Structure formats: structure tokens, C-alpha cells
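A short worksheet on the structure shown next.
One is the number of the first residue; the rest follow in order along the sequence. The shown structure was predicted, so the numbers you read here are calculated from the model rather than taken from an experiment.
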Amino acid sequence: TIHKLDDMDKLRGFSGDWIVQRMPKGDRMFVEKSGNHLKNAKVPKDVKKQLREIQGDFVFDAYLDGDKLHVVDLLVHKGTDLALEPLEDRINALRTLYDSTENVHFPMPTNCVSTDQEGLNKAIYNFDEDEVLIRDSKSTFMKEKEVHPKWIRYAKESIAKSFYPP
């Protein structure tokens with residue numbers, strides 16, 4: 001977590017291309033569908049119904065906020081493990097292969113953009129959110145890890161003083 005964008009300049013090992021996304025509210029979970037069965041999906045029935053309507057098997061990294069599921073990453077698509085693919089490819093797959101519904105939301109240009117280093121500040125401030133997820137577009141998904149060294153949560157100073165991460 002960083003609280004000032006100037007801190008980004010001190011970080012090393014990044015490609016300079018970014019996926020900037022509104023940080024969804026709610027509890028993080030992995031949603032897996034195999035056939036018509038949802039594994040470990042403790043979600044409301046409307047969300048379950050809409051997930052079952054999606055064709056093919058998948059694993060989503062998502063946040064559940066009430067009766068809305070906000071998908072932020074695609075780890076498996078129709079049986080193909082995508083975890084080692086670059087994030088930008090996984091986000092593009094979510095945008096082109098999946099359609100948002102009333103209760104299941106996928107990345108869209110209104111809540112998730114790609115940018116280079118020069119456009120990073122503008123992309124972050126265009127969201128005007130308290131928290132933004134900034135991820136290296138070339139990063140892969142690190143299975144069984146709580147944190148990722150190339151994913152950054154930008155929390156504005158005002159909420160940083162009142163919120164302590166778990």
C-alpha cells in the first residue's frame with residue numbers, strides 16, 4: 001500500500017505499463033465453476049444463478065460486496081490455466097469473453113484502464129476513488145500468495161489514517 005504517488009518512483013522492477021482499477025469493496029474470494037457446479041462459492045443466489053449462466057469453466061479472483069460480485073482477474077478459462085499469462089491479456093479476456101450482468105461485474109473502461117508511466121497519475125485521479133488497485137500489466141498471478149510484489153494498493157492519505165490493513 002502506498003499513500004503518495006511520489007512513492008511509486010522509489011519502487012523498482014516494474015515494466016512501466018499498468019492496469020489501474022477501482023479497488024472493489026467487499027470480501028476477496030476465488031470463484032470456481034466446473035460444469036454447472038460452483039466450488040466454495042458462498043455468494044447470494046442471484047450471483048450464483050448468473051455465474052452458472054456463463055458458458056464454460058472458469059476461476060475468477062473477485063470481491064463480493066453484498067449482492068454484487070466484482071471480478072478483477074481471470075485465472076482459468078474453459079479449462080486453460082491463465083495464471084502465467086500477463087495480466088493485460090487476462091484483463092482483455094475478461095473484457096471480451098464475459099459480459100457484466102446485474103450482479104456480476106467485469107472490468108470495463110469505466111473502472112479499469114491500461115496506461116503507461118506517463119499516464120499513470122491521470123488514470124488514478126480520473127477514478128476519484130479512495131482506493132485504487134495498480135498492477136504491473138506484465139505480471140503473472142502468484143498462486144497461494146496473499147500479496148503480490150507487483151500489485152499496489154493506492155490509498156489516499158485521508159483513509160490511510162483511519163484504516164489499517166489486516
Leu94 and Met108: same hydrophobic cluster, using ILVMFWY side-chain contacts below 4.5 Å? no
Is Met142 linked to Val72 within one hydrophobic cluster, defined over Ile, Leu, Val, Met, Phe, Trp and Tyr using a side-chain heavy-atom separation of less than 4.5 Å?
no
When you measure from the side chain of [X] to the backbone of [Y], do you find a donor-acceptor pair of N or O atoms at a distance under 3.5 Å?
| X | Y | value |
| --- | --- | --- |
| His77 | Gly56 | no |
| Arg22 | Val132 | no |
| Asn92 | Glu88 | yes |
| Thr101 | Val104 | yes |
| Asp116 | Gly119 | yes |

[X] and side chain to side chain contact (heavy atoms under 4.5 Å, CB included): which partner among [options]?
| X | options | answer |
| --- | --- | --- |
| Ile124 | Thr115, Val113, Val20 | Val20 |
| Phe58 | Leu51, Leu75, Val76, Leu97 | Leu51 |
| Glu85 | Leu87, Leu82, Asp81 | Leu82 |

Supply the atom-to-atom distance [X] [atom1] to [Y] [atom2], rounded to the nearest 0.5 angstrom.
| X | Y | atom1 | atom2 | value |
| --- | --- | --- | --- | --- |
| Ser114 | Arg135 | OG | CZ | 10.0 Å |
| His70 | Met23 | NE2 | CE | 11.5 Å |
| Lys39 | Glu32 | NZ | CD | 4.5 Å |
| Leu120 | Gln117 | CG | CD | 5.5 Å |
| Asn126 | Asn121 | CG | CG | 10.5 Å |
| Lys78 | Ile54 | NZ | CD1 | 11.0 Å |

Margin query: Lys150 vs Ser15, test: side chain to side chain contact (heavy atoms under 4.5 Å, CB included). Steps then yes/no.
Written below: CA-CA 9 Å; Lys150 293 195 175 191; Ser15 69; over 6 Å; no
Are [X] and [Y] packed together at the side-chain level, in the sense that at least one heavy-atom pair is separated by less than 4.5 angstrom?
| X | Y | value |
| --- | --- | --- |
| Asp61 | Val71 | no |
| Arg90 | Phe141 | yes |
| Gln21 | Ile134 | no |
| Ser137 | Trp18 | no |
| Glu102 | Gln50 | yes |
| Arg52 | Leu38 | yes |
| Leu69 | Val31 | yes |

- prompt: Ion pair present between Asp57 and Lys33, side-chain N to carboxylate O less than 4.0 angstrom?
  reply: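 Between Lys33 and Asp57 there is no salt bridge, as every charged N stays at least 4.0 Å from the carboxylate O atoms.
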Can you tell whether the side chains of Asp73 and Arg28 come within less than 4.0 Å, N to carboxylate O?
no
By ring-ring contact (aromatic ring centres under 6.0 Å, His included), Tyr63 pairs with (sequence neighbours left out) none
- Measure up the Tyr98 and Phe106 rings against each other and bin them: parallel (under 30°), tilted (30 to 60°), perpendicular (over 60°). parallel
Q.
Minimum heavy-atom separation for Pro44 and Gly66, please, with both atom names.
A.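 Looking at all heavy atoms of both residues, the closest pair is CG-O, 3.6 Å.
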**Between Ser139 and Trp151, a side-chain donor and acceptor under 3.5 Å** =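 Result is yes, a qualifying pair exists.
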Sorted by chain and number, sequence neighbours left out, side-chain contact (heavy atoms from CB on, under 4.5 Å) with Asp46 holds for Asn103
Go through the steps for Phe127 and Tyr125 under the test ring-ring contact (aromatic ring centres under 6.0 Å, His included), then give the verdict.
-> CA-CA 5 Å; Phe127 286 132; Tyr125 285 110; over 10 Å; no
